[in-house]
Amino acid sequence: MMTMMKKAESDWNYFDEDGKALAAYPKGRFTGRIKDVGFECDLCGKCCTRAFNGHPYLLEEDASGIIGIDETAVVPFPYFDYCDQEGRFYTSGYSLKTKGDDAGSCCFLEGGRCRIYDKRPQICRIYPYMIHYEADEDGQYDWREISGLNEHGLYGAKINDKEAGEIFEDVKKYEAGYLLQEKVFLKALSAHFEKNKLKHIPKIFDTRIRDFEKGEEVTVFVYHGGVFKEHKTRKE
């Protein structure tokens with residue numbers, strides 16, 4: 001059985017390698033891709049729905065800002081990797097809450113427009129751009145620079161070198177912030193488990209994940225502000 005320390009160490013190495021790859025990612029590849037695609041927002045609002053944008057991950061500063069606006073507007077980021085022997089999950093941050101409609105619209109989307117647009121989180125500011133290294137449908141690993149291609153927005157817009165470079169810096173900053181947040185979480189989680197004599201037991205984890213997928217309420221601890229904050233939540 002993989003111990004909590006070994007699992008955390010394995011995940012730490014994964015994020016560490018991703019960080020090195022991100023640092024080495026060539027700017028020219030990104031800016032060339034962005035200029036070729038020429039994405040232009042047409043205000044369709046699709047990117048503000050779960051159907052198109054999954055669970056947007058909030059960096060800590062953005063989560064704090066959203067909580068300051070409406071503390072009910074965030075939910076624990078629902079991709080859980082850790083669970084203790086009591087069946088309680090742990091996650092590294094928050095995601096935006098949805099309204100529960102068929103599209104999974106963001107709670108701040110009203111009349112097809114964001115009501116906190118000037119204060120929107122970084123993930124919303126950079127979307128649909130990304131710098132992810134992940135597998136495609138055939139299992140081949142490569143970089144992805146844009147999400148939802150040909151599913152929303154307009155294409156063929158003229159994007160100059162300066163604008164493309166600024167987009168690159170913003171996206172790289174967000175991606176680096178995400179990796180750092182995960183590593184800080186792993187360090188704190190290892191210390192928390194050791195201090196409180198907790199264990200990560202895969203069998204219990206699998207059982208509680210099934211319960212969560214069925215719509216049952218689960219306990220989730222979110223690492224935010226240097227502490228683990230307890231939440232009761234259900235799958236949205």
Side-chain angles (χ1 to χ4, degrees), residues 4-25 30 47 50 53-71 73-84 88-98 106-108 116 119-134 143-145 147 167-196 198 200 205 218-231 233 236:
M4 174 62 209
M5 293 296 290
K6 287 184 178 180
K7 178 171 174 54
E9 181 180 355
S10 175
D11 289 346
W12 175 284
N13 290 335
Y14 172 83
F15 289 118
D16 197 41
E17 289 301 314
D18 265 15
K20 293 176 182 178
L22 177 64
Y25 180 93
F30 182 90
C47 64
R50 183 67 46 74
N53 202 15
H55 301 270
Y57 184 87
L58 301 175
L59 298 185
E60 183 155 316
E61 60 187 280
D62 290 323
S64 294
I66 294 297
I67 291 170
I69 296 172
D70 181 358
E71 63 181 9
V74 297
V75 294
F77 189 61
Y79 299 115
F80 312 130
D81 290 320
Y82 303 92
C83 176
D84 62 28
R88 301 172 298 193
F89 292 113
Y90 295 81
T91 191
S92 62
Y94 290 103
S95 179
L96 287 168
K97 187 176 183 179
T98 63
C106 175
C107 62
F108 291 115
I116 62 162
K119 298 178 180 179
R120 68 195 186 282
Q122 292 180 60
I123 184 61
C124 302
R125 293 176 184 274
I126 66 172
Y127 191 82
Y129 303 112
M130 59 178 61
I131 308 177
H132 281 348
Y133 188 67
E134 60 184 48
W143 292 99
R144 286 184 60 198
E145 294 87 7
S147 175
I167 294 172
F168 170 75
E169 295 300 334
D170 288 342
V171 175
K172 189 173 182 180
K173 179 181 177 181
Y174 172 81
E175 299 285 9
Y178 162 72
L179 294 173
L180 177 60
Q181 192 159 312
E182 288 287 354
K183 291 172 69 174
V184 170
F185 162 70
L186 288 173
K187 184 176 181 179
L189 187 65
S190 294
H192 177 75
F193 267 55
E194 183 176 3
K195 177 182 178 181
N196 295 284
L198 300 174
H200 173 80
F205 173 84
V218 297
T219 298
V220 182
F221 285 93
V222 179
Y223 191 68
H224 181 80
V227 297
F228 287 97
K229 299 186 176 182
E230 183 176 354
H231 294 266
T233 189
E236 288 193 278

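Atom set for the values below is all heavy atoms of this structure, side chains included, hydrogens, waters and symmetry mates excluded.
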Q. Is there a donor in the side chain of Tyr25 and an acceptor in the side chain of Glu145, or the other way round, less than 3.5 Å apart?
A. yes
Q: Take Ile167 and Phe30 through the test side-chain contact (heavy atoms from CB on, under 4.5 Å) and record every step on the way to the result.
A: CA-CA 9 Å; Ile167 294 172; Phe30 182 90; 3.7 Å; yes
Q: Could you tell me if the ring centre of Tyr79 sits under 6.0 Å from that of Phe77?
A: yes
Q) Within the side chain of Gln122, is there an N or O that forms a donor-acceptor pair under 3.5 Å with the backbone of Tyr174? A) no
Q.
Is it the case that the side chain of Ser95 and the backbone of Pro56 share a donor-acceptor pair, with hydrogens and angles ignored and the cut-off at 3.5 Å?
A. yes
(Q) Return the CZ to CZ distance between Arg125 and Arg120, rounded to the nearest 0.5 Å. (A) 4.5 Å
Q | Side chain to side chain, Tyr82 and Phe185, heavy atoms closer than 4.5 Å | A | yes
Q. How far does CZ of Phe80 sit from CZ of Arg88, to the nearest 0.5 angstrom?
A. 14.0 Å
Q. So, for Thr91 and Pro76, which heavy atoms are closest and what is the spacing to 0.1 Å?
A. CG2-CB, 4.1 Å
**Q.** SG-NZ distance between Cys106 and Lys97, expressed to the nearest 0.5 angstrom
**A.** 11.5 Å
Q) Rounded to the nearest 0.5 Å, what separation is found between the CG atom of Asn53 and the OG1 atom of Thr98? A) 12.0 Å
Q) What closest approach, in Å, do Tyr127 and Cys47 show between heavy atoms, and which atom pair accounts for it? A) CE2-CB, 3.1 Å
**Q.** Under 3.5 Å side-chain donor-acceptor pair for Ser64 and His224
**A.** yes
Q | Qualifying salt bridge (charged side-chain N to carboxylate O under 4.0 Å, His left out) pairs, either residue in residues 180-192, two or more places apart | A | Asp16-Lys183
Q. How far does CE of Met130 sit from CH2 of Trp143, to the nearest 0.5 angstrom?
A. 12.0 Å
**Q.** Check: Leu96 and Cys124 side chains under 4.5 Å, non-hydrogen atoms
**A.** yes
Q: Determine whether the side chains of Asp170 and Tyr129 contain a donor N or O and an acceptor N or O closer than 3.5 Å.
A: no
Q | Minimum heavy-atom distance Leu22-Ile131, with the two atoms named | A | CD1-CG2, 3.9 Å
(Q) With a 4.5 Å cut-off on side-chain heavy atoms, are Glu60 and Val184 touching? (A) no
(Q) Quick one, Tyr94 and His231 - any side-chain contact, counting heavy atoms below 4.5 Å? (A) yes
Q: May I ask you to test the Ile66-Ile116 pair for a side-chain heavy-atom distance under 4.5 Å?
A: yes
(Q) Does Thr233 form a side-chain contact (heavy atoms from CB on, under 4.5 Å) with Phe89? I'd like the steps, not just the answer. (A) CA-CA 11 Å; Thr233 189; Phe89 292 113; over 6 Å; no
(Q) Any heavy-atom pair between the side chains of Gln181 and Tyr57 that's under 4.5 Å? (A) yes
Q) Taking NZ, NE, NH1 and NH2 as the nitrogens, is one of them in Lys20 or Glu17 under 4.0 Å from a carboxylate oxygen of the other? A) yes
Q. Between the main-chain N or O of Leu58 and the side-chain N or O of Asp62, is there a donor-acceptor pair closer than 3.5 Å?
A. no
(Q) Contact between Tyr90 and Asp84 at the side-chain level, heavy atoms closer than 4.5 Å - yes or no? (A) yes
Q: Measure the CZ-OG distance between Phe228 and Ser92 for me, rounded to the nearest 0.5 Å.
A: 9.5 Å
Q | Residue pair Tyr178 / Asp18, side-chain heavy-atom distance below 4.5 Å | A | no
Q | Phe205-His200 aromatic ring centre distance below 6.0 Å | A | yes
